Amino acid sequence: MKVEGSIKTVILGEIIFPILLLIFGIYHGLMQALYRAGIIKDMSFLGIEYYQGLTLHGVINAVVFTTMVIVAFGNAVFLYYLKKPLRPAVQWVSFLMMVVGTLLAAWAMFAGKANVLYTFYLPLVAHPLFYIGAALLLVGSIVPLFFDWTPNYISWRREHPGEKVPLAVFGVFVNHIMWVIMLVPVVITVVFQMLPLSLGLVSEVNPSLSRTLFWAFGHPLVYFWLLPAYTMLYTILPKIVTGEGKLYSDSAARFAFILFIIFSFPVGLHHQFTEPAVTNNYKLIQALFTFGVAVPSILTAFTVAASLEYSIKSKYPEVKNSLFYWWTKIPYISLEGDKWLVSYFMAGLFLFFVGGITGIVNASYNVNLVVHNTSFVPGHFHTTVGGLVTLSLLGISLYMISKLMGREIRFKGLAVLAPWLWWQGMLIFEYAMSVAGLHGFPRRTNTGISYLNPDSPLYRPEWVGYAELSAFAAFIIVLGFIFWALSFFGTLLSPKVREDTLEFPTAEALHDEKAPALNRLAPWFTFSILLFVISYIPPLYDVTKRGVFFDSPGYNDKNPVPITKPQSAKQEEKPTAQAK
Ligand code: HAS
């Protein structure tokens, strides 16, 4: 379909703007690996400090790039499948809010006034513009849901009574409603804790409360990143793998999305297993729910594998009776038509297999105590958000600009090799980080000037080899990104060769069962919100026992200990003074 001028500009902007920033994000990823391996032995490099670079790396890659491209994909999906126009005013407001917000936060980070990492919970404090910028980005990202997608969804359903809404729309819609719900706790901590502290309106805050509210957002956030990738795996991958492939079961896919609605929220405490303020029982309950949230991913693994098997075996009868040999017929490296995209999804799936296993390790309460705050955790998330999610978003970005701008994909060979370099690099990186993590190698630490420095009393020689291996892996990953970027910018700057259009290859379902319960969202969301609230009442009570908003002064990276005593400590001192 043809996309009207200004809507096309917005969708392209939502892809190109974050990708320009991503260049900085990826660069700072490489710098991290070099610092940690001791190849850069300093507190800063080219005027950017270690924690400043780490914040830029996390915020740009995991927050800005993902959010904006997910909105672009959502806009395109709603347009293409529902064939209903998007409103230019709504789209421009959303886009400009995201751009201005990102620029404000970027200023704070580049100026060194927001070295708070991408998990910006207290007691680290940033410049107010960092929070205002983040808020604009997040609010801008939900504007299309309220003013474009929901009205279009409702009117489509009215016009198509009894029909299932297209699966891609279902996935994107579910994901964005979840996004709005998960924003509530983080907005509370930003508005009532972070901003007042940052503006100097209060001198003390409660960091345990902030962490709990942050993680009530922070874990569902990972599914906000993941579900667009799953949407592509269910709709696009089975089709392009042979050109006429099918999705094995439509209901299995919808059921997986529904399970995410239920289980994505009551699990944030698995990031706080070591949080002293929360009672262990609640942590255990949320650990069990975390195993629940792995189920829709396992379901996805089976549905995607069954779709691939069915599609390949229908196209190549010679492998019909094989148990595993059909895997060799998947076009892992193909320049034919849209098959180049297969390499992004398959490389991503292979990485996610590892990411899933390490996620289960993290979730296993007592085992978490071995890996928490070690490099095992970044090992895990570079194969999830840095694996399947990033590869799917890079792939779909290149796909969308080539279609929307009427360009042929330039340097297609590089575009196909890019995800495999990324995969190889990430796999080595994951191995090095995980094994080192099991030996206690810490995360978020400039180890090159401390533990890996032979002149330091902290020197730990057993970590050196792993850190150097992860730096080597980082070079392979960056090479993969350079291949992708050459193709992306080559395509962007090449002349138009055909009509610009918006289209997504879409697999029909082999089993398209009628399952009306899976098509109604309201009951699932009601249940999910109830479960979310109930599962968080006891931990929130725990963390507010010593004061709701005021407990501890803020820290910053220049001053890692509080200057004044928390009010609760002062109150506890009073009886002692009286006793004297
Ligand atoms: Fe996680 C920490 C547990 C999934 C991202 N996670 C993080 C952090 C990030 C992150 C960014 O329980 C760090 C936060 C920070 O900075 O502190 N995570 C899980 C669990 C899952 C999980 C149980 N995480 C994700 C996804 C992410 C993500 C998805 C991003 C997109 N994670 C944790 C825990 C922590 C944590 C703890 C805290 C650790 C700590 O101590 O700080 C599950 O959802 C995973 C389920 C996935 C599967 C895999 C299914 C496999 C598929 C591939 C099939 C392949 C095929 C191809 C068909 C069960 C779908 C064939 C392939 C072959 C090889 C045959």
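Values in this document were obtained by computation on a predicted structure and should not be read as measured data. Just so you know, ligand 1 is whichever comes first in the structure, and atom 1 is the first atom listed for that ligand.
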Near Trp215 (heavy-atom distance under 4.0 Å), the atoms of ligand 1 are 14 (C), 15 (C), 17 (O)
With a sphere of 6.0 Å drawn around CZ of Phe24, does it hold more than 12 non-hydrogen atoms of other residues, nucleotides or ligands? no
For atom 65 (C) of ligand 1, decide whether some protein heavy-atom distance is shorter than 4.0 Å. no
Show which atoms of ligand 1 fall inside a sub-4.0 Å distance from at least one heavy-atom site of Val389. 31 (C)
Atom 14 (C) of ligand 1: of Phe214, Tyr118, Phe345, the nearest heavy atom sits on Tyr118
Does ligand 1 have any atom sitting under 4.0 Å from a heavy atom of Phe260? no
Per-atom contacts of ligand 1 with His372, taking only distances under 4.0 Å to non-hydrogen atoms: 40 (C), 41 (O), 42 (O)
Do NZ/NE/NH1/NH2 and the carboxylate oxygens of Glu244 and Lys239 come within less than 4.0 Å? no
Does some non-hydrogen atom of Val304 fall short of 4.0 Å from ligand 1? no
Exceeds 12 heavy-atom contacts within 6.0 angstrom, atom OH of Tyr118: yes
When the aromatic ring centroids of Phe376 and Phe441 are compared, is their separation below 6.0 Å? no
Any non-hydrogen atom of Phe291 lying under 4.0 Å from ligand 1? no
Using a strict 4.0 Å cut-off to heavy atoms of Leu226, name the atoms of ligand 1 that fall inside it. 29 (C)
Return the closest protein heavy atom for atom 31 (C) of ligand 1 as residue, atom name and distance. Val222 O, 3.4 Å
What protein heavy atom lies closest to atom 54 (C) of ligand 1? Include the residue and the distance to one decimal. Ala301 CB, 3.6 Å
Could you label the plane-to-plane angle of the Phe289 and Phe263 rings as parallel, tilted or perpendicular, counting under 30° as parallel and over 60° as perpendicular? tilted
Report the nearest protein non-hydrogen atom to atom 32 (N) of ligand 1: residue, atom name, distance rounded to 0.1 Å. His380 NE2, 3.1 Å
Determine whether the aromatic ring centres of Tyr316 and Trp326 lie less than 6.0 Å apart. no
Quick check, are the ring centers of Phe481 and Trp484 under 6.0 angstrom apart? yes
Between Ser251 and Glu513, is there a side-chain donor-acceptor contact under 3.5 Å, judged purely by atom types and distance? yes
Which part of Glu309 is near ligand 1, with near meaning a heavy atom under 4.0 Å away: side chain, backbone, both or neither? neither
Hey, does Arg443 sit under 4.0 Å from ligand 1 if you only count heavy atoms? yes
Tell me the protein heavy atom at minimum distance from atom 3 (C) of ligand 1, and give that distance in Å. Gly359 O, 3.4 Å
Note: Phe350, heavy atoms under 4.0 Å from ligand 1, region reported as side chain
Residue Arg444 vicinity, atoms of ligand 1 by number, heavy atom under 4.0 Å: 16 (O)
Among Thr374, Leu233, Leu349, Leu351, whose heavy atom sits nearest atom 57 (C) of ligand 1? Leu349
Testing the 3.5 Å rule here: is there a donor-acceptor pair between the side chains of Thr358 and His380? yes
Taking atom types as modelled, find out whether Ser208 and Glu275 have a side-chain donor-acceptor pair closer than 3.5 angstrom. yes
Where is the nearest protein heavy atom to atom 12 (O) of ligand 1: which residue, which atom, and how far? Ala363 CA, 2.9 Å
Please indicate whether any nitrogen or oxygen in Gly356 is less than 3.5 Å from any nitrogen or oxygen in ligand 1. no
Residue, atom name and distance, where the atom is the protein heavy atom closest to atom 28 (C) of ligand 1: Thr384 OG1, 3.4 Å
For residues Glu309 and Tyr248, is any side-chain donor paired with an opposing acceptor at under 3.5 Å? no
Measuring centre to centre across the rings, with the benzene-like ring taken for any Trp, is Phe224 within less than 6.0 Å of His176? yes
Tyr223 ring center within less than 6.0 Å of His219 ring center: yes
Taking Ser210 for the side chain and Asn206 for the main chain, is one N or O donor matched with an acceptor at less than 3.5 Å? no
Counting backbone and side chain alike, does His219 bring an N/O/S atom below 2.8 Å of atom 1 (Fe) of ligand 1? no
What's the shortest distance from atom 2 (C) of ligand 1 to any protein heavy atom, and which residue and atom give it? His271 CE1, 3.5 Å
Close aromatic pair by centroid cut-off 6.0 Å: Phe214 and Phe217: yes
Ligand-residue contact atoms, ligand 1 with Thr290, heavy atoms, under 4.0 Å: 23 (C)
For atom 10 (C) of ligand 1, the protein heavy atom that lies nearest, with its residue and separation: Phe381 CB, 3.6 Å
